[in-house]
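Within every chain, numbering begins at 1; the chains are lettered A, B, ... in the order of the sequence lines, protein sequences first and strands thereafter. All figures in this text were calculated on a predicted structure; none of them were measured in a lab.
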2 protein chains.
Amino acid sequence: METRRIDPVNCSVARALSVVGERWSLLIVREALDGARRFGEFHSRLGIARNLLATRLETLVTAGVMRRVPYQEPGDRQRFAYELTEQGRALRPTLVALLEWGDTYLADPQGPSVIVRHRPVDDAISCDEPVKVILECAAGHSRLAPEDVCRTPGPGARFVESS
Amino acid sequence: METRRIDPVNCSVARALSVVGERWSLLIVREALDGARRFGEFHSRLGIARNLLATRLETLVTAGVMRRVPYQEPGDRQRFAYELTEQGRALRPTLVALLEWGDTYLADPQGPSVIVRHRPVDDAISCDEPVKVILECAAGHSRLAPEDVCRTPGPGARFVESS
DNA sequence: CTTTATGAGTTTAGTTCTTCAACTCAGGTC
DNA sequence: GACCTGAGTTGAAGAACTAAACTCATAAAG
């Protein structure tokens, strides 16, 4: 029996992973979300090899996740820092989801080392409560279980035959 | 000036990525969420090398993400299939987050190839609306922007000095 | 009872990716 | 001019990935 399935290769998950799925990429984004900006900061925080950090940063800049910006400390020459673009900051939910999953199933016996809290940059509504990632549908059904969702073809779907 | 920061190495994101951060791992989980169960299904859907698929499945089983279950087709000998554990299904939000990010920033010109919908397995409340991943705090503030959250130390936090 | 078919791997050889350490480069300080 | 620093680059060794051929157990066909 032949069935048609959504082509697994033409998928945004695969495309997303081709940008941030390499080793270190998401950790670099995480450190950037936590304030790292300079080559040496990423290097010492993560312990990543320097050449690899250089190529990862270049990849992330090329992909539009980060931006290379000049800076100059007083009494020093101009150097370059790396900051997230809006596209890069949009990876926050992905990282929170991974963090939650790790906390739940690969927990440190001491408990989580990091808690994400609701604390805006401008401190306007600083409720400080822990933040979770949840699935919500357009009809407003919230906190959906993983079993309550399924994948359906979208407008850009390609199909493959399978036995 | 010395400051104390949360040790970036002792973090659930890093631990999560050590399990599902290798190339192919998340795509294998995605296919499993979409119903793939057998070695050959994963192989033909993803085009991953067979030896690598074998080691990935073994890694995922060892990590508790998948489970190796015997099955037997009529008139065939016993073989093994792979299915997600609860721990594995819990990666759904991570994959939805990645999918959304890919749809938003690396879109196919035709539009998304996959839409995740609210459709329970048991069809009880099948509203069928598209599903999104959102950040929500314990006080009920919903749809938080990436800028409105920050990382704080948890009970298991280790610290490192930095200049 | 020998041959062929099939799904699920394993082996092997070649290529690519990571790591680590040493080196370069462009200023600034002494 | 000699030395220091942050930001990379280079190169060699090791680990990971790819692709294709091979094995293995069983079932069905002849």
Subject >> Between C:dG9 (P) and B:Phe42 (CZ): distance, integer Å >> reply: 11 Å

**OP:** Can you figure out which of C:dT18, C:dG9, C:dG28 approaches the side chain of A:Arg23 most closely?
**Re:** C:dT18

**OP:** Figure out the CZ/P separation between B:Arg45 and C:dA8, and round it to whole Å.
**Re:** 13 Å

**OP:** Output yes when a side-chain donor or acceptor of A:Gln72 lies under 3.5 Å from a complementary backbone atom of A:Asp76, and no otherwise.
**Re:** yes

Original post:
Which residue, A:Ile48 or A:Gln78, contacts DNA chain C at a nucleotide closer to its 5' end, judged by nearest heavy atom?
Top reply: A:Ile48

**OP:** For D:dG8, take OP1 and OP2 only and decide whether either is under 4.0 Å from a side-chain N or O of A:Arg56.
**Re:** no

Subject >> A:Tyr82 vs D:dG8: side-chain N/O to OP1/OP2 distance below 4.0 Å >> reply: yes

Subject >> Heavy-atom donor-acceptor pair, A:His141 side chain to A:Glu136 backbone, under 3.5 Å >> reply: no

Subject >> Sugar-phosphate only, base, or nothing, as touched by B:Asn51 at under 4.0 Å among non-hydrogen atoms >> reply: base

Original post:
Choosing from C:dA8, C:dC20, D:dG6, which nucleotide comes nearest the side chain of A:Arg38?
Top reply: D:dG6

**OP:** State whether the side chain of A:Arg68 and the backbone N or O of A:Phe80 hold a donor-acceptor pair below 3.5 Å, judged by distance alone.
**Re:** no

Original post:
Atom CG of B:Asp76 and atom C1' of D:dA25: how far apart are they, to the nearest Å?
Top reply: 10 Å

Subject >> Main-chain N/O of B:Gly88 paired with B:Thr85 side-chain donor or acceptor, under 3.5 Å >> reply: yes

Original post:
Considering residues, nucleotides and ligands other than A:Glu58, do more than 12 of their heavy atoms fall under 6.0 Å from its CD?
Top reply: no

Original post:
Looking for any heavy atom pair under 4.0 Å, which part of the strands does A:Tyr71 touch: base, sugar-phosphate only, or nothing?
Top reply: sugar-phosphate

Original post:
Looking at A:Trp24, does any N or O in its side chain come under 4.0 Å of the phosphate oxygens OP1/OP2 on C:dT19?
Top reply: yes

**OP:** Side chain of B:Phe39 only, please: which of D:dA27, C:dG9, D:dG8 is the nearest?
**Re:** C:dG9

Original post:
Which whole-number value in Å describes the distance from A:Leu52 CG to D:dA16 P?
Top reply: 14 Å

Original post:
Hey, is the main chain of B:Arg23 close enough, under 3.5 Å, to the side chain of B:Arg56 for a donor-acceptor pair?
Top reply: yes

**OP:** Starting from C1' on C:dT19, measure out to CD on A:Glu22 and report it in whole angstrom.
**Re:** 16 Å

Subject >> A:Asp34 and B:Arg5 ion-paired at < 4.0 Å >> reply: no

Original post:
Are the side chain of A:Arg15 and the backbone of B:Leu106 linked by a donor-acceptor contact shorter than 3.5 Å?
Top reply: yes

Original post:
If you check the B:Ala49 side chain, which of D:dA19, D:dA27, D:dC17 turns out closest?
Top reply: D:dA19

Filtered N/O pairs between nucleotides 21-24 of chain D and protein, under 3.5 Å:
none

Subject >> Nearest-angstrom distance from the residue atom CD1 of B:Ile28 to P of C:dG9 >> reply: 12 Å

Subject >> Nearest-angstrom distance from the residue atom NE2 of B:His43 to C1' of C:dT10 >> reply: 14 Å

Subject >> Spacing between B:Leu46 atom CG and D:dA19 atom P, to the nearest angstrom >> reply: 13 Å

